[in-house]
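Report on the following structure.
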Amino acid sequence: MPELPEVETVRRGITPHVVDRRISRVLVRESRMRWPVPPELAEQLCGRRIVGTDRRGKYLLLLLDSGDRLLIHLGMSGRLFVLEQGFPLVKHDHVDIELDDGQLLRFHDPRRFGAVLLWRHDEPTHPLLIGMGPEPFSDAFDGDYLHRLSRGRSAPVKSFVMDGRIVVGAGNIYAAESLFRAGIRPTRAAGDVSLPRYRLLARKIRDVLGEAIAQGGTTLRDFAGADGASGYFQQDLYVYGRETLACRNCSTPIRRLVIGQRSSFFCPRCQR
DNA sequence: AGATTCGCCTGAGAGC
DNA sequence: TGCTCTCAGGCGAATC
């Protein structure tokens, strides 16, 4: 399930293949995504040159010479591949963006929670990007920031850091891992966590995301980079998906419970 | 305003 | 073998 490190891995994987390439053809086989693929997509992309890539949270951006941007979200099961044109289709290959060098960018998404949208050059911002919290690697994000925004909040700290309006990129896996490393129990009310602990947590969020990016992401079920390669961060997980297994730090069995409708894992001894 | 719940999807795995 | 059921989950929208 692509979170920020997986999206960044995909971005880095496709960038050398797509930047400076011109789009020759666009094929939309299935437009029913999280939001419909805009009918004018092909018309707006054909003939345009891709001048760069970017990422905002878990949104991947392809920058075009027209000033328009293609906005791609992988949802839960979305994948992007760089392939030779004519590469055999499989089920759920929804969108092809053919390039002028014989390759293509293929969007594949069984669960269709993803999105392929246009961000037109005359729109100062995209509706989906309004209100997003800071990037975890930006100067705007630190423990003081988390502490300030959390005062008076009764929601669990895990829900708080997973809220994209607070900070982007701390998805279920990485929120769990960051909280473990910071020794904070995920059920604790966000407003009850002290400043020093938020400073530690902010550092751990950055550490975990940075390490995961360096490892090419986490491959649990269906994630793979643009070249089909797996990530390796799953080998470094301390709590996620490890219910009943011994804590790597203290051997206490890892526990699972549901917080905000999501599976949450923690060590009852290391996290208070 | 903040907290909680819902809904969109399909594939994998379990149970019968 | 094949059916049914449950679960997974990003995140915006709706509701409390």
Side-chain angles (χ1 to χ4, degrees), chain A residues 1-11 29-37 55-61 71-80 89-95 107-117 119 125-136 146-178 186-193 205 209 212 217-224 231 233-234 237 239-244 256-265:
Chain A
M1 46 222 76
E3 298 190 21
L4 187 148
E6 291 73 43
V7 177
E8 181 62 18
T9 296
V10 169
R11 191 191 68 77
R29 298 185 193 83
E30 175 59 83
S31 57
R32 294 173 301 168
M33 299 287 146
R34 181 80 159 83
W35 294 275
V37 177
R55 179 188 56 73
R56 181 75 178 94
K58 297 174 194 171
Y59 288 92
L60 184 62
L61 301 168
L71 201 146
I72 299 172
H73 197 291
L74 300 177
M76 272 201 55
S77 56
R79 297 167 74 164
L80 271 182
L89 283 170
V90 297
K91 203 175 176 184
H92 309 305
D93 284 343
H94 301 317
V95 179
F107 178 79
H108 168 100
D109 185 7
R111 268 165 255 189
R112 294 197 271 117
F113 278 19
V116 177
L117 298 168
W119 175 6
T125 183
H126 191 279
L128 289 171
L129 304 181
I130 295 173
M132 286 179 79
E135 289 289 326
L146 286 178
H147 183 257
R148 177 158 37 84
L149 266 66
S150 64
R151 293 309 87 186
R153 295 221 190 192
S154 60
V157 61
K158 176 163 180 274
S159 303
F160 176 69
V161 297
M162 285 182 67
D163 186 339
R165 294 166 298 185
I166 304 300
V167 59
V168 298
N172 202 35
I173 298 172
Y174 300 111
E177 295 299 311
S178 306
T187 47
R188 183 172 286 278
D192 287 348
V193 177
I205 288 173
L209 293 175
T218 300
T219 298
L220 290 177
R221 286 177 187 80
D222 45 16
F223 171 72
F233 192 71
Q234 64 275 12
L237 299 176
V239 288
Y240 186 85
R242 302 193 70 246
E243 183 181 16
T244 73
R256 184 187 87 98
L257 46 81
V258 176
I259 301 172
Q261 316 289 88
R262 287 168 183 87
S263 272
S264 305
F265 302 88

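This is a predicted model, so every value here is computed, not measured. Here is how names work: the chains are called A, B, and so on, in the same order as the sequence lines, proteins then strands, and each is numbered from 1.
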| query | Rounded to whole angstroms, how far apart are CE on A/M76 and C1' on B/dT10? | reply | 10 Å
| request: Look at A/H73 and C/dC11 and indicate whether a side-chain polar atom (N or O) is within less than 4.0 Å of OP1 or OP2. | output: yes
| query | What's the CG-C1' distance between A/N172 and C/dC7, to the nearest Å? | reply | 13 Å
| said: Over all strands shown, is A/S159 touching base, sugar-phosphate only, or nothing at heavy-atom distances under 4.0 angstrom? | reply: nothing
| task | Take the C1' atoms of the five end pairs on each side of the helix from B/dG2-C/dC16 to B/dC16-C/dG2, derive the two axes, and give their angle rounded to 10 degrees. | result | 50°
| query | Taking only N and O in the side chain of A/S77, is any of them less than 4.0 Å away from OP1 or OP2 of B/dC9? | reply | no
| message | If you assign each of A/A155 and A/F113 to its closest nucleotide in DNA chain B, which residue comes earlier from the 5' end? | response | A/A155
| request: Check step by step if side chain to side chain contact (heavy atoms under 4.5 Å, CB included) holds for A/L117 and A/H126. | output: CA-CA 10 Å; A/L117 298 168; A/H126 191 279; 4.3 Å; yes
| said: If you define the side chain from C-beta out and look only at heavy atoms, does anything of A/K158 sit under 4.5 Å from A/T187? | reply: no
| task | Check the pair A/R34, A/L128 against side chain to side chain contact (heavy atoms under 4.5 Å, CB included), reporting the backbone distance first and the verdict last. | result | CA-CA 12 Å; A/R34 181 80 159 83; A/L128 289 171; over 6 Å; no
| Under 3.5 Å donor-acceptor, A/R55 side chain and A/G57 backbone | yes
| said: Categorize A/R151 for me: base, sugar-phosphate, or nothing, with a 4.0 angstrom heavy-atom threshold over every strand shown. | reply: nothing
| Take atom CZ in A/R151; do more than 12 heavy atoms of anything else shown fall under 6.0 Å from it? | yes
| field | Rounded distance in Å - CD1 (A/I173) to C1' (C/dC11) | value | 16 Å
| remark: Testing B/dC6, B/dT4, B/dT10 for proximity to the side chain of A/R112, the answer is B/dT10
Could you list all N or O pairs between the protein and nucleotides 12-15 of chain C that sit under 3.5 Å apart?
from, atom 1, to, atom 2, distance (Å)
C/dG12, OP1, A/Y59, OH, 3.4
C/dG12, O4', A/R34, NH2, 2.9

| field | From A/W119 atom CH2 to A/R56 atom CZ, the distance as rounded to the nearest 0.5 Å | value | 9.5 Å
| Got a donor-acceptor contact below 3.5 angstrom from the A/E3 side chain to the A/P5 backbone? | no
| task | Considering just the side-chain nitrogens and oxygens of A/K91, establish if one lies under 4.0 Å of OP1 or OP2 belonging to B/dG11. | result | yes
| note | Between CG of A/D163 and C1' of C/dC11 the distance, given in whole Å, is 10 Å
| Should the ring pair A/Y240 and A/F265 be called parallel, tilted or perpendicular, given that the plane angle runs from 0 to 90° and is split at 30 and 60? | perpendicular
| said: Rounded to whole Å, how long is the line connecting atom CG of A/D109 with atom P of B/dT10? | reply: 10 Å
| Checking A/S264 side chain against A/R262 main chain: does a donor-acceptor pair fall under 3.5 Å? | yes
| query | Can any side-chain N or O of A/N172 pair as donor or acceptor with the backbone N or O of A/S263 at less than 3.5 Å? | reply | yes
| message | Tell me whether the side-chain N/O atoms of A/S154 come closer than 4.0 Å to OP1 or OP2 in B/dA3. | response | yes
| query | In whole angstroms, how far is the C1' atom of B/dC9 from the CZ atom of A/F107? | reply | 12 Å
| d(CG, A/L4; P, C/dG9) in whole Å | 18 Å
| field | Interatomic distance where CZ belongs to A/R79 and C1' belongs to B/dG11 [whole Å] | value | 13 Å
| task | Report yes if a side-chain nitrogen or oxygen of A/H92 is closer than 4.0 Å to either non-bridging phosphate oxygen (OP1 or OP2) of B/dC9; otherwise report no. | result | no
